[in-house]
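The structure's right below; bear with me while I get my questions together.
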Number of protein chains: 2
Amino acid sequence: MRRTSAETKSIILAAARERFAADGYERATIRSIAADAKIDPAMVMRYYGSKEKLFAAAAEFDLRFDALAGVAPEQLGAAFVRHFLRQWEAGESLQVLLRTGITNDGAAERMREIFAGQLAPRIAALTGDPASAPVRAAMVSAQMLGIGLARYILLFPPVVAMSEDDLVSWLGPTIQRYLTADRP
Amino acid sequence: MRRTSAETKSIILAAARERFAADGYERATIRSIAADAKIDPAMVMRYYGSKEKLFAAAAEFDLRFDALAGVAPEQLGAAFVRHFLRQWEAGESLQVLLRTGITNDGAAERMREIFAGQLAPRIAALTGDPASAPVRAAMVSAQMLGIGLARYILLFPPVVAMSEDDLVSWLGPTIQRYLTADRP
DNA sequence: CGTCGAAGTCAACAGATGTTGGCCAACGAT
DNA sequence: ATCGTTGGCCAACATCTGTTGACTTCGACG
């Protein structure tokens with residue numbers, strides 16, 4: 001018994017996150033994950049039961065919008081952009097979700113939950129307009145997912161080259177408008 | 001000899017486009033494409049050589065921005081949005097690219113070519129500012145890809161529910177700003 | 001020391017996948 | 001009618017996939 005079971009379990013999870021983020025659901029094989037973790041593929045099954053369940057564990061995610069409480073209303077756009085960019089770079093979780101959500105229905109469902117369930121209520125609270133919050137949340141999500149796609153997945157050179165401040169300058173007013181402008 | 005070779009070739013290509021658009025690169029198997037086309041899998045190989053080459057043929061695409069020539073400068077934003085939405089709905093090509101571009105490096109490369117190679121020159125011509133065109137094109141791409149992702153792939157309910165006019169109202173000013181506003 | 005349980009390994013399975021080569025069957029020209 | 005060409009199909013291949021079960025190692029506790 002070299003390691004405790006909890007240790008190996010988290011080693012596997014870390015390797016899984018990396019592989020899912022880099023390769024997507026289908027190409028991230030259990031064997032490759034196990035190889036990264038320097039562990040027998042059978043252990044992955046022992047601890048997580050199946051590839052689906054391992055993925056579910058790897059895709060746990062919290063956007064942590066509570067960090068945005070107390071921001072002045074006219075600076076919400078810029079604050080949102082900065083927060084999202086940091087979330088993209090903090091861990092592989094968002095990239096896992098985006099890479100897999102496109103071929104895996106379960107991941108797409110989770111994505112809908114996260115953006116509708118975590119973002120919309122926050123927007124409702126911050127703007128005081130619950131009725132339009134779902135649409136605003138969807139527009140903000142679409143813009144920020146598009147940027148994440150261009151910058152971290154498709155690697156569009158101009159977007160990769162931009163600094164965080166550049167991106168905030170471009171995107172801040174857009175998000176601000178989606179959050180607070182009158183409904184068209 | 002029931003059909004001519006060109007006929008079956010295009011039948012295969014149509015089935016391939018649908019499968020790639022619906023399932024992504026890995027899950028769209030040659031066998032399933034052949035089954036859709038009611039044809040033996042071996043025929044796919046005979047006509048296209050390999051799965052990679054079949055995919056390359058299925059991912060041919062032209063954004064046809066020439067249709068935007070002659071639009072008044074202050075209406076470019078709305079015109080772009082409408083044009084993109086029609087392109088998303090016209091055929092499966094954009095969905096093929098997005099679904100596969102996320103796991104397949106070749107598709108990602110093609111996506112970069114299309115958006116940098118077709119969109120940026122058009123923007124340079126329409127705005128008369130070649131220097132900032134690549135960045136503007138990238139921002140427009142990010143926003144429109146984000147909307148396509150939300151509406152056609154991830155199926156965010158509020159985005160799915162919106163009409164084309166609703167989307168133009170929300171997105172038009174954003175695109176207009178990305179196209180013509182001073183560089184931040 | 002001996003035993004028991006948990007951590008780790010090995011080999012194999014059944015199924016699916018891309019790909020190949022050989023074999024039919026139908027058509028047009030001779 | 002015959003023959004060659006060409007579209008179509010079948011069976012098989014090697015490989016890879018998720019998953020399973022039996023076996024081995026090793027530490028803790030009696």
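Just so it is clear: chains get the letters A, B, ... in the order the sequence lines come, proteins before strands, and each one is counted from 1.
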Exercise. Atom OH of B:Tyr48 and atom P of C:dT20: how far apart are they, to the nearest Å?
Worked result: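 Roughly 17 Å, once rounded to whole Å.
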Problem set entry | B:Ile11 versus B:Ala37, closest heavy-atom pair with distance |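 Shortest heavy-atom separation between B:Ile11 and B:Ala37 comes out as CG2-CB, 3.9 Å.
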Exercise. What nucleotide among D:dT19, C:dG8, D:dG8 has an atom nearest to a side-chain atom of B:Met43?
Worked result: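 Nucleotide nearest to B:Met43's side chain: D:dG8.
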For this session: Look at the side chain of B:Ile30 and decide which nucleotide, out of D:dT19, C:dT19, C:dA7, has an atom nearest to it.
Result: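 Between D:dT19, C:dT19, C:dA7, the one nearest the side chain of B:Ile30 would be C:dT19.
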For this session: Indicate, with a heavy-atom threshold strictly under 4.0 Å, whether B:Ser50 touches base, sugar-phosphate, or nothing.
Result: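 B:Ser50: backbone/sugar contact only, no base atoms under 4.0 Å.
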Exercise. Charged N to carboxylate O under 4.0 angstrom, B:Arg177 versus B:Asp182?
Worked result: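 Looking at B:Arg177 and B:Asp182, the cut-off is not met.
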For this session: Provide, to the nearest angstrom, the distance between the CD atom belonging to B:Glu52 and the P atom belonging to C:dT19.
Result: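 Spelled out: CD on B:Glu52 to P on C:dT19 is 9 Å.
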Problem set entry | Interatomic distance, A:Lys51 NZ vs D:dG18 P [rounded to whole Å] |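 The answer, rounded to whole Å, is 4 Å.
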Exercise. What is the nucleic acid contact for A:Tyr47, judged by heavy atoms within less than 4.0 Å: base, sugar-phosphate only, or nothing?
Worked result: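 Answer is sugar-phosphate: A:Tyr47 comes under 4.0 Å of backbone atoms only.
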Exercise. Start at the 5' end of DNA chain D and walk down; is the nucleotide closest to A:Arg27 or to A:Arg46 reached first?
Worked result: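 This one resolves to A:Arg27.
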For this session: Would you mind building the protein contact string for nucleotides 11-16 of chain C? One character per nucleotide, 5' to 3', B for base within reach (heavy atoms under 4.0 Å), S for sugar-phosphate only, - for untouched.
Result: -B----
Problem set entry | Under-4.0 Å salt bridge between B:Glu92 and B:Arg99 |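 A salt bridge is absent here (no side-chain N lies under 4.0 Å from a carboxylate O).
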Problem set entry | Side-chain N,O (A:Thr8) to OP1/OP2 (C:dG8) below 4.0 Å |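 Yes, A:Thr8 has a side-chain N/O under 4.0 Å of OP1/OP2 on C:dG8.
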Exercise. Is it true that A:Arg112 and A:Glu109 make a salt bridge, defined as a side-chain N closer than 4.0 Å to a carboxylate O?
Worked result: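 A salt bridge is present here (some side-chain N lies under 4.0 Å from a carboxylate O).
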For this session: Look only at the side chain of A:Tyr48 and the backbone of A:Lys9, and say whether a donor-acceptor pair between them is shorter than 3.5 Å.
Result: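 Judged by distance alone, yes, a pair lies under 3.5 Å.
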For this session: May I have the distance from A:Ile39 (atom CD1) to C:dC10 (atom P), rounded to whole angstrom?
Result: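 After rounding, the gap between these two atoms is 13 Å.
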For this session: Check for a donor-acceptor pair, side chain of B:Arg151 on one end and backbone N or O of B:Val159 on the other, with a separation under 3.5 Å.
Result: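 Pair found, side chain donor or acceptor close to backbone of B:Val159.
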For this session: Return yes if the base of C:dG8 and the side-chain atoms of A:Arg3 contain a donor-acceptor N/O pair under 3.5 Å, otherwise no.
Result: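 Looking at the base of C:dG8, it does not pair with any donor or acceptor on the side chain of A:Arg3 (distance under 3.5 Å).
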